[in-house]
Structures are given as structure tokens and as C-alpha cells.
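Here is the structure we will look at.
No hydrogens, no waters, no symmetry mates; every other heavy atom, side chains included, goes into these values. No experiment lies behind these values; they were computed from the predicted model shown. Order of the sequence lines fixes the chain letters, A, B, ..., with proteins taken first and strands second; residue numbering starts at 1 for each chain.
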There are 2 protein chains.
Amino acid sequence: MDRDILKNVHLFSELSESELEKIYSRCDLKTFGKGEMIFFDTEPYQGFYIVIEGSVKIFKISKDGREHIVHFIHPFNTFAEVPLLEQYEKIRNDEFTYPANAMSLEKDTKLILIRAGVFYDIVEKNKTMCLKMISTLAKRLRHLNVYIENITQDVPKRIARYILTEQIKIISENKDQIELPISKHDLAAYLGTIDETLSRALKKFQDDNVIEVDGKNIKVKDKQALVKIAAG
Amino acid sequence: MDRDILKNVHLFSELSESELEKIYSRCDLKTFGKGEMIFFDTEPYQGFYIVIEGSVKIFKISKDGREHIVHFIHPFNTFAEVPLLEQYEKIRNDEFTYPANAMSLEKDTKLILIRAGVFYDIVEKNKTMCLKMISTLAKRLRHLNVYIENITQDVPKRIARYILTEQIKIISENKDQIELPISKHDLAAYLGTIDETLSRALKKFQDDNVIEVDGKNIKVKDKQALVKIAAG
DNA sequence: GAGGTGGTTTGACTTAGGTCAAATAAGTGA
DNA sequence: TCACTTATTTGACCTAAGTCAAACCACCTC
């Protein structure tokens with residue numbers, strides 16, 4: 001791994017060369033296969049991760065066995081920083097587990113593990129990083145707020161919202177065609193539902209001529225209708 | 001208001017006298033009646049609040065008009081800091097609304113409003129405060145995680161969990177008797193359900209001899225059973 | 001091309017929990 | 001204490017979305 005990769009990580013973008021070097025020399029690079037578990041919510045907390053390549057899902061399993069995906073993490077973003085930060089005041093406490101499970105979604109997901117001690121050393125000396133951390137947390141908080149807002153809505157609404165916000169990314173390239181970046185199973189879990197319900201709802205949209213589904217490809221045929229459903 | 005009140009606010013607990021003075025001289029004290037709105041999620045962001053007396057609920061209204069309470073805020077805690085922090089990098093941007101609604105829950109809820117500018121001035125010079133902010137956010141994040149975990153469970157489970165965690169506070173005074181700190185309506189909204197469903201579920205618990213309900217007073221008669229339901 | 005192995009879809013069935021409407025109980029100010 | 005508003009409970013009913021079981025499909029590998 002090239003050390004300069006660390007510069008792409010927003011959290012580290014304003015560190016000095018020597019600080020980067022310090023982190024680089026003390027972090028672990030790990031590679032995971034598709035579907036491989038990165039950690040369980042039962043295991044002791046070691047530190048947080050940065051995605052370099054591939055993607056990761058963060059999820060919880062409810063007692064009835066259903067999976068609920070809370071985040072997808074893409075390259076240069078971090079995950080599992082929260083226990084670290086929450087513990088800040090009782091620094092270096094050992095008995096702490098991860099708050100959720102994490103699984104690799106792609107064949108060669110490359111991650112960097114930053115151990116708690118390394119992080120504390122840096123953050124204590126670096127206010128900019130501290131502020132960035134705050135900003136990251138705030139964004140995550142907002143994300144969870146949206147998530148909560150969504151799961152209180154019905155499934156078609158959640159799907160419509162998902163498609164519309166996904167589409168925003170694509171529309172900038174002038175297309176009404178989007179490609180799901182994840183499997184339908186993961187999408188269902190992310191939307192807080194199950195495969196069957198998602199499948200049926202998509203079919204209904206198709207029957208109503210709102211979208212056209214072909215595998216992972218979705219073509220929006222009636223954006224107005226979709227917006228209306230999403231707004232509910 | 002006494003200036004020393006600010007010392008009770010965890011976020012400010014390690015500020016110097018002069019810093020406290022600066023905040024004190026530049027903040028607004030506001031009083032709200034029960035049920036009075038503090039802000040709507042449509043109005044421009046002004047700054048964050050600190051509860052001095054009384055309590056506050058933070059909630060969202062879904063399009064079908066249902067209310068979902070996300071937080072209850074009690075004395076010496078802050079709320080609505082997130083937009084402030086998220087904006088940190090584009091400091092002092094004006095066009096921003098509150099992410100949710102806030103309403104006073106008691107007759108004389110006293111709040112302090114800290115405007116964005118004041119906060120930025122302080123935090124930029126004070127690393128401890130920065131770290132505390134991180135820790136606050138991290139805790140809030142965890143709270144939301146629990147919240148999400150809960151709303152994916154069925155209503156009886158959510159109630160059981162609520163009772164058990166509420167009871168923890170009381171048990172320290174050796175009681176199996178708890179008193180709901182909020183109305184049943186608010187409890188229902190907090191548990192992500194409606195009054196009727198909450199009522200029926202409580203009745204069921206009572207019929208099953210798990211608890212005894214008398215207005216806001218709940219007596220736990222069979223803690224084992226409750227634990228079992230909560231764990232489910 | 002046969003046989004796997006996930007991912008996805010369909011159908012038949014069940015149910016938690018929502019809606020609507022109305023009765024009761026509690027709380028509050030004059 | 002009365003009158004009136006607000007909170008809580010109850011009953012009858014309905015529906016979104018979950019379960020279970022089975023079929024289908026699209027890639028892979030051998």
C-alpha cells in the first residue's frame with residue numbers, strides 16, 4: 001500500500017507528513033473476500049477501519065434473525081469510530097465491543113485498521129482532526145435521522161426515496177437509468193424489509209408503469225409518479 | 001439566571017471563568033410553557049439549546065401526521081447541535097433549518113440558546129470542549145443505534161425494554177415501582193407506535209400478571225417474564 | 001451440457017398493529 | 001364543584017407486510 005493513500009481519507013487530509021507517517025507505520029492493512037465478516041458485534045473493540053477498496057455493510061441482526069443494514073461504507077470513509085470516541089473520557093478502557101456487525105461486500109475489500117492508541121496519540125495533538133471528526137459524526141447522525149425517518153414510512157415510499165436519491169447521482173450524467181450498487185437482498189435489508197416484499201413492490205411499480213426493472217438495472221419511466229410516492 | 005448554572009452543563013464544565021463569562025454574556029435565556037413549540041424543522045437554524053429546567057421532546061412528523069419522538073432532553077443537556085457541527089467546514093452558512101421539531105414538555109421549561117457564532121468562537125480555542133463535543137455526539141449516535149434496533153422489534157418487546165431500562169434508575173432506590181416520566185401519548189410516540197396499541201399491550205401485560213398499571217405508576221410483578229419478553 | 005449454488009420471484013396464508021369511532025377517566029381553570 | 005378540555009381505553013374492522021414453501025433463473029464449474 002502506498003502511504004499517500006492516507007491523504008485521500010478526509011479525516012487525515014490535513015495531517016502533516018510526519019503525522020501521516022506515524023499512522024502509516026502503525027496501522028494494519030487487511031483484505032477481505034466477498035461476504036467475509038470483518039467483525040461481529042460481540043467481539044472486543046480494537047479500533048476503527050478505513051475502506052480503501054471495495055465496500056462494507058454495517059448491520060444488526062434482530063433476535064428473529066432478520067438483518068438490518070444501517071450503513072454502506074465506500075472507499076476513503078471510516079467506520080466503527082463511535083466506541084472509540086464515546087470512550088474518550090475513560091480513555092483506553094479495554095472492555096468494549098463493536099456496536100454492530102460488519103461484512104465485506106466485494107471480492108477484494110481492502111481495509112486499514114487504526115488501533116485506538118494510535119488514534120488517541122494523533123487526535124490529542126491535532127485540533128483540525130478533532131473538528132473533522134465532529135463533522136463526520138454529525139453527518140452520520142444526520143444519516144441515521146434520515147434512516148429513522150424512512151423506516152417509519154411504508155415500503156413503496158422507502159423504495160421510491162431510495163431510487164430518487166440514487167438517481168440524483170446518475171442524473172448528473174443525464175440518465176434516467178440507474179444501476180443498483182448492491183444486491184436486492186441487501187437493498188431489502190437496508191430498506192428494513194425482506195426480499196419478497198421488495199420484489200413485489202418493484203413489480204407493482206413496474207405494473208403501474210413507473211419504472212422498468214431488469215436485474216440490477218432500473219429505468220425511471222415516470223419520475224413525477226415516483227416523486228409523488230416518495231413524498232406521500 | 002445565575003452564571004454558575006453554566007458549570008453544570010457537561011459541555012462547558014472545563015471552561016475558564018472568562019470563557020464562561022463570554023458565553024453567559026452572549027446567550028439568551030428563554031422560558032416555554034407546556035406544549036409550546038421551541039422550533040419547527042422548517043425554520044432557519046439559529047443555534048443550539050441547553051435545558052436548564054423542565055424537559056423537551058425532539059420529534060418528527062411523518063407525512064401521515066404521526067409523531068415520532070426521537071429524544072427526550074433533560075436539564076443540563078444540549079440539543080440541536082448537529083447542524084452547527086455538520087456545517088463546521090462551511091462555517092457560518094446561513095441557510096439551514098433545524099433537523100426536527102422541539103416542544104416543551106413542562107410548564108416552565110427554561111432554555112439557553114447558544115448562537116452559532118458564540119459557539120464557534122469558543123470551540124476554536126478550546127480543545128477539551130471539542131473532545132467533549134465528540135463524546136456527546138458519539139453518545140447520541142449510540143442512542144440512535146439503540147433506537148433503530150428497538151423499532152425493528154415488536155411493540156411488547158419495546159415496552160418491556162423501556163420499562164426495564166427505566167426501572168434500572170429506580171431499582172437503585174430499591175423499588176419495583178416506576179413512574180412514567182412522560183405521558184402515555186408521548187411514550188407511544190417514543191416507542192414508535194400509537195396510543196391504542198400501547199394501551200392494549202399494557203393491558204395484556206397486566207392480564208398476564210407481569211405488571212400492574214395505575215395511571216403513570218407501573219409496578220413490576222414478574223421481572224423474569226419482562227426480561228424474557230425484552231430479550232425475545 | 002449436467003449439476004450446483006446463490007439470488008430472485010410467486011403464490012397462499014397469517015398476523016401485528018394500524019384506523020375509525022365512541023366511551024370513560026382525569027385534569028384544570030373559573 | 002361544575003364545565004370543559006385533554007388523556008386513555010375499548011371495540012370492530014382492515015391492511016401492509018411478514019412467513020413458509022416452492023419455483024425459477026442466471027451464472028459458474030467440471
Only residue of B:Q153, B:R158, B:R161 satisfying side-chain contact (heavy atoms from CB on, under 4.5 Å) with B:L191 is B:R158

Starting at [atom1] of [X] and ending at [atom2] of [N], how long is that distance when rounded to a whole Å?
X      : N      : atom1 : atom2 : answer
B:I159 : C:dA16 : CD1   : P     : 14 Å
A:L180 : C:dG7  : CG    : P     : 14 Å
B:K203 : C:dT24 : NZ    : C1'   : 14 Å
A:K204 : C:dT9  : NZ    : C1'   : 17 Å
A:K34  : C:dT5  : NZ    : P     : 17 Å
A:Q206 : C:dT10 : CD    : C1'   : 14 Å
B:D195 : C:dA25 : CG    : C1'   : 14 Å
A:D186 : C:dG6  : CG    : P     : 15 Å

Do any side-chain nitrogens or oxygens of A:K184 fall under 4.0 Å of OP1 or OP2 in C:dT9?
-> yes

Just wondering, do B:L113 and B:Q46 contact through their side chains at under 4.5 Å, heavy atoms?
-> yes

For nucleotides 17-23 of chain C, read 5' to 3', which letter fits each nucleotide if B means a protein heavy atom sits under 4.0 Å from the base, S means only the sugar-phosphate is that close, and - means neither?
-> SSBBB--

Shortest non-hydrogen contact between [X] and [Y], atoms and distance:
X     : Y     : result
A:V51 : A:H74 : CB-O, 3.7 Å
B:I5  : B:I52 : CG2-CD1, 3.4 Å
B:L6  : B:F12 : O-CB, 3.7 Å

Below 4.0 angstrom, N of the basic side chain to O of the carboxylate: do A:R115 and A:D28 qualify?
-> yes

Only one of B:F72, B:Y49, B:F48, B:F59 forms a ring pair (Phe, Tyr, Trp, His ring centres under 6.0 Å) with B:F79, so which one is it?
-> B:Y49

Which is the 5'-most and which the 3'-most nucleotide of DNA chain D that has an atom under 4.0 Å from a heavy atom of chain B?
-> D:dT8 to D:dA12

Which pairs count as side chain to side chain donor-acceptor pair (under 3.5 Å) when at least one residue sits in residues 193-202 of chain B, sequence neighbours excluded?
-> B:H185-B:D195

Is the closest side-chain donor-acceptor distance between B:S55 and B:E106 under 3.5 Å?
-> yes

